[in-house]
Amino acid sequence: MVRGPSARLADPMARPLAALERFFERLVERPIGRLFRAPLEPVQVERRLGLAMDEGRRTVAGRTLAPDRYRVQLHAHDLASLLRADARLEARLAEALLARARARSYALLDRPRVTLHANAAVPRGDVAVTATIVDRPAAGPDAPSGGEGLPLEATAVFPVPVPTLPRAVLVMGAPGRPERRTPIESTPIRIGRATDNDVVLPDERVSRHHGLLLLRQGALVYRDLGSANGTFLGAARVSEVALGSGDVLRLGETTLRVEVA
């Protein structure tokens with residue numbers, strides 16, 4: 001049952017994260033690094049950068065736009081060790097991000113740039129990444145193309161319109177029930193088992209008020225409202241995540257798939 005939104009909920013700041021992957025990285029990598037003083041490897045930095053790219057993506061005008069500026073903060077010892085081994089590490093990490101964007105058909109406003117910084121607050125063996133989207137894309141012959149089939153112009157690389165709701169459809173599936181398709185025409189959309197939600201899911205493993213779909217800076221964002229059984233994107237439990245076409249959320253025994261026209 002789908003109803004038009006009847007109330008606006010508060011919009012507290014919540015950092016989107018891939019909870020499961022972060023948990024295991026911290027559980028395994030940090031203790032090993034501290035016990036055996038294993039040096040931080042470039043592949044570990046690259047993996048964190050890739051995760052930041054995926055977390056920071058958003059849907060704009062039917063395209064998936066990814067961050068292109070990455071500020072990496074490391075312990076000074078780790079930073080010095082990495083740069084001694086490879087003075088061009090920043091450039092190599094940026095190239096890896098460009099390849100990742102092309103492989104996933106992400107659009108970019110500008111060629112990815114990575115900067116490495118020392119920060120005493122970051123423990124040895126850990127990596128802190130801040131990913132943002134450039135305000136003014138660089139012009140010139142080296143301006144990159146985006147994902148497959150998405151050439152980006154040199155002067156107006158990827159014009160970002162005033163945020164509007166993507167033309168999207170929410171496809172709901174559950175064992176033993178036919179799929180339901182609901183156009184997403186306005187937000188916020190409240191999702192849960194209780195009948196006062198905009199999307200009511202008859203699933204005992206779904207909380208009464210489980211999650212929320214909303215629009216933020218042109219991106220369709222899902223936020224978990226502290227549900228008992230959580231919300232999962234793939235194997236990762238998520239608290240808040242920007243959604244792209246084809247993404248599948250799991251709430252209890254119910255799946256929610258986003259299709260963007």
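FYI, the numbering just counts along the sequence from 1.
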Option among I133, T132, L109 that satisfies the side-chain contact (heavy atoms from CB on, under 4.5 Å) test with R69: T132
Minimum-distance pair of heavy atoms, taken over all atoms of D224 and G230: OD2-C, 3.8 Å
Might you point out which heavy atoms bring V129 and A52 nearest each other, and give the distance in Å? CG1-CB, 3.6 Å
Apply side chain to side chain contact (heavy atoms under 4.5 Å, CB included) to L243 and T59, showing your working. CA-CA 7 Å; L243 298 173; T59 301; 6.0 Å; no
Does a side chain donor of either Y222 or D247 reach within less than 3.5 Å of an acceptor in the other side chain? no
Test: R100 and D54 ion pair at under 4.0 Å: yes
For V122 and V127, what are the C-alpha separation, side-chain angles and deciding distance, and is it a side chain to side chain contact (heavy atoms under 4.5 Å, CB included)? CA-CA 7 Å; V122 178; V127 183; over 6 Å; no
Any ion pair linking R113 and E90 (charged N to carboxylate O, less than 4.0 Å)? no
Going through the checks in order, is the side chain to side chain contact (heavy atoms under 4.5 Å, CB included) test met by V221 and L213? CA-CA 6 Å; V221 175; L213 280 174; over 6 Å; no
Here the gap from E204 atom CD to E253 atom CD, rounded to the nearest 0.5 Å, amounts to 11.0 Å
Sub-4.5 Å side-chain heavy-atom contact between V169 and I184: no
No-hydrogen, no-angle side-chain donor-acceptor test under 3.5 Å, H210 and N197: no
Given 3.5 Å as the limit, does a donor-acceptor pair link the side chain of Y70 with the main chain of P67, or not? yes
For T254 and D203, does a side-chain donor sit closer than 3.5 Å to a side-chain acceptor? yes
Do S81 and D78 meet the criterion of a side-chain donor-acceptor pair at a distance under 3.5 Å? no
Please report the shortest heavy-atom distance between L108 and A66, naming the atom on each side. CD2-O, 3.7 Å
Tell me whether L83 is reachable from L49 by hopping between hydrophobic residues (I, L, V, M, F, W, Y) whose side-chain heavy atoms are closer than 4.5 Å. yes
Check: T115/H117 side-chain N/O donor and acceptor closer than 3.5 Å: yes
List the steps, then state whether side chain to side chain contact (heavy atoms under 4.5 Å, CB included) holds for V114 with R92. CA-CA 9 Å; V114 177; R92 296 188 196 282; over 6 Å; no
Can you measure from CE (M172) to CZ (R177) and round to the nearest 0.5 angstrom? 12.0 Å
Can you tell me which residue among H75, R48, Q73 is in a side-chain hydrogen bond (donor to acceptor under 3.5 Å, both in side chains) with D126? R48
V171, L170, L201 screened by side-chain contact (heavy atoms from CB on, under 4.5 Å) with R180, the one that passes: L201
Looking only at heavy atoms, which two atoms of A194 and V200 are closest? And how far apart? O-CG2, 3.5 Å
For R190, is there any backbone N or O sitting under 3.5 Å from a side-chain donor or acceptor partner on D198? yes
